[in-house]
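We number each residue from 1, following the sequence as shown.
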Amino acid sequence: MAPISLSRQTARNLHLAAQGLLHTPKRKARYEDLLAVIRRMSLLQIDTINVVARSPYLVVYSRLGEWPTVWLEEALAAGHLFEYWAHEACFIPAEDYPLLRHRMLQPETMGWKYNADWMRQHADEIADLLQHIAENGPVRSADFAAPSAHQPGWWSWKPHKRHLENLFTAGELMVVGRKNFQRIYDLRQRVLPEWNDALHMLSEREAREQMLRNSARSLGIFRAEWLPDYYRLKRVALKETLQRWQEEGVVVPVMVENMGLMWLHHDALAHLEAPLKATHTAILSPFDPLVWHRRRVQELFDFVYRLECYTPASRRQYGYFTLPLLHRGELKARLDAKMLRHERILQIKNLWLEEGTKVNASLINDLRNTISRFARWQSAEQVMLEKAPDKLSQALGAGWELTGQA
C-alpha cells in the first residue's frame, strides 16, 4: 500500500497539533492544563534568561494563554514534576522518572554536567554537605557563602554550587522547589522514599525505547533523523526502530510535498479525518520544542533561526533575544523584545517579517492582539514599537497603550 500523501502545510499543522499550537485556547487555563501541556510536549526546557519572560513560562503561555506562573513551582513542590537533564535541563512529568534514572547512575557519561575528579577531590566536604541536608532539610546554593578569593562570572560557580550540581546530576539530590527561580535541593531518598532501583529501574534499552516513543508522539510527524534530538539520544538504530514501529502500528509512512518520506505517529491519524486549520498566533520562546531543533524548523517551516544572546553584539543579525512568531500555521516573524518592568513597558526594538509575508489586515490585527495579550500577561501597560517594516509601522505606529483594552 502506497504511503499517504500530505501537503507541506498539512504536515506543519499535524506537527503544531501534536505540540498544542494549532488553535488558540478557548477558555481560561486551569492547573491541570499545565501538567497536560508538559505531558503533551514530554519535556519543558529550563532557561533562566529573563529579558522578556523566563522560557518555561513563555512556552506554557504560548499554549495556554495567561496563566499563574506559580503553578510551575507548585507542581514541582507537589511532586507532579521533577527536574533533570533530558533535552537539556528540563521539567519532566513525575511518571517519567524511570526514563532518566539510568543517566543518574552513570553520571560520568553526562559530559560537563558531572566532574568525577571534583567529586573525588572534595569527597569529605560533599559527605558533610549531604549530612547537613539530611539533618537540616533542603538547601539552596545561596545558603552557602563563597570563598573570599572567589571570582564571580559566567559558570564560575562557588564550591558548594558545584557540589550541589554534581550531586543533582548523579541523582543523589533532587530539586524540590525554586525560590526566585533558584533551585532548592533535597535528598532523593526523602523525595522518593518508595523508589527502589532493584524494583523500579528500567534498563537503558527500555528507557531509550520509551523516550523515542515519547518523542514521536510529541512531534506528531517527523523525519527519522529528527527523533533522537528530543532527549539528546545518541547511536539510535533508527531504521530498525521505525521498521518495528511500523509493524506494530505505532507509526505510518507518509509522503510530504517537497519533503519526501516522513513518519506519522498513530495518535495523529485522527487529524486526517477532517482538514486541519491553524488559527493560533503566538510568540514563542527560543527554547520552545517547536524551534529548539534548528534544522527541523528550517526543513519544515523554512525558518532559519538561531539564538544570538551568546553572539558578540557586532555580529548579531537580529538581536540579543529574538522571539519567533507563529501565525496561523507558519513562522512569519521574529521580534527583538525586552520587558522594562519598572516602567511597565514591553519594548520591541525591532520586528522582522519573513521574506514573502504579506502585510494585510488579518496579520496586523493578529500581531497587535497577540503582542497586547502577551504584554498584559507581563503586567505591561504600554507597548513600544521602535522599528518594523514600513507597512507595519504605518499600521501600528510607535506603540500603543494597553490600559482598558480588551
Check: So, does Arg63 use its side chain to make a donor-acceptor pair with the main chain of Ile38 at under 3.5 Å?
Finding: no
Item checked: Trp85 six-ring face occupied by Arg103 cation (under 6.0 Å, within 45°) -> no
Note to self: How about CZ on Arg315, more than 12 heavy atoms from neighbouring residues, nucleotides or ligands closer than 6.0 Å, or not?
What the structure shows: no
Margin query: Once you measure the plane-to-plane angle for Phe144 and His160, does it fall in the parallel (<30°), tilted (30-60°) or perpendicular (>60°) bin?
Written below: parallel
Notebook entry, point to check: Where do Ile133 and Tyr185 come nearest, in terms of heavy atoms and distance?
Noted result: CG2-O, 4.5 Å
Note to self: Just so I know, are the side chains of Thr241 and Arg208 near enough to count as touching, which here means a heavy-atom distance under 4.5 Å?
What the structure shows: no
Item checked: Face-on cation placement of Arg334 at Tyr305 ring, 6.0 Å and 45° thresholds -> no
Next item on the list: Enter the distance from Asn214:CG to Met41:CE here, rounded to the nearest 0.5 Å.
Entry: 12.5 Å
Check: Quick check: does any side chain N or O of Thr281 sit under 3.5 Å from a backbone N or O of His327, one acting as donor and the other as acceptor?
Finding: no
Checklist line | Parallel, tilted or perpendicular: rings of Trp226 and His15 (30°, 60°) | finding: tilted
Notebook entry, point to check: Where does the angle between the aromatic ring planes of Trp67 and Tyr57 fall among parallel (under 30°), tilted (30 to 60°) and perpendicular (over 60°)?
Noted result: perpendicular
Item checked: Which atom of Arg8 lies closest to which atom of Glu257, heavy atoms considered -> N-OE1, 3.0 Å
Margin query: Do Trp195 and Asp197 have side chains that approach each other closer than 4.5 Å (heavy atoms only, starting at C-beta)?
Written below: yes
Notebook entry, point to check: Using the ring of each side chain (for Trp, its six-membered ring), is Phe82 parallel, tilted or perpendicular to Tyr97, with breaks at 30° and 60°?
Noted result: perpendicular
Next item on the list: Give a yes or no on whether Arg295 atom CZ has more than 12 heavy-atom contacts from other residues, nucleotides or ligands under 6.0 Å away.
Entry: no
Margin query: Is any side-chain heavy atom of Arg178 closer than 4.5 Å to one of Arg183?
Written below: yes
Note to self: Using a 3.5 Å distance criterion without hydrogens, assess whether the side chain of Gln9 forms a donor-acceptor pair with backbone atoms of Gly329.
What the structure shows: yes
Item checked: Ring centres under 6.0 angstrom apart (Phe222, Tyr230) -> no
Margin query: Does Lys113, at its NZ atom, have more than 12 non-hydrogen atoms belonging to other residues, nucleotides or ligands within less than 6.0 Å?
Written below: yes
Notebook entry, point to check: With no hydrogens and no angle check, is any side-chain donor or acceptor of Asn350 less than 3.5 Å from a backbone partner on Asp336?
Noted result: no
Next item on the list: Pick out which of Leu14, Val251, Leu219, Val256 makes a side chain to side chain contact (heavy atoms under 4.5 Å, CB included) with Leu264.
Entry: Leu14
Next item on the list: Go through the steps for Glu240 and Arg244 under the test salt bridge (Lys or Arg N to Asp or Glu O under 4.0 Å), then give the verdict.
Entry: CA-CA 6 Å; Glu240 294 84 349; Arg244 174 166 49 81; over 6 Å; no
Margin query: Would you say that more than 12 heavy atoms from the other residues, nucleotides or ligands in this model lie under 6.0 Å from the CG of Asn136, or not?
Written below: yes
Checklist line | Expected output: side-chain Arg217 to main-chain Ser42 donor-acceptor under 3.5 Å | finding: no
Check: What distance separates Leu227 CG from Leu238 CG, expressed to the nearest 0.5 Å?
Finding: 6.5 Å
Next item on the list: Output the distance between atom CZ (Arg12) and atom CG (Leu326), rounded to the nearest 0.5 Å.
Entry: 10.5 Å
Margin query: Quick check for you: to the nearest 0.5 Å, what is the distance between Thr322 atom OG1 and Leu335 atom CG?
Written below: 8.0 Å
Next item on the list: Describe, in one word, how the ring planes of His163 and His122 are oriented to each other, choosing from parallel (under 30°), tilted (30 to 60°) and perpendicular (over 60°).
Entry: tilted
Notebook entry, point to check: Under 3.5 Å, is there a donor-acceptor pair between the side chain of His102 and the main chain of Leu99?
Noted result: yes
Item checked: Heavy-atom check, side chain of Asp117 versus side chain of Arg120, under 4.5 Å -> yes
Next item on the list: Look at the rings of Trp71 and Tyr31 and say which category their plane angle falls in: under 30° parallel, 30 to 60° tilted, over 60° perpendicular.
Entry: perpendicular
Item checked: With sequence neighbours excluded, residues passing side-chain contact (heavy atoms from CB on, under 4.5 Å) with Ala36 -> none
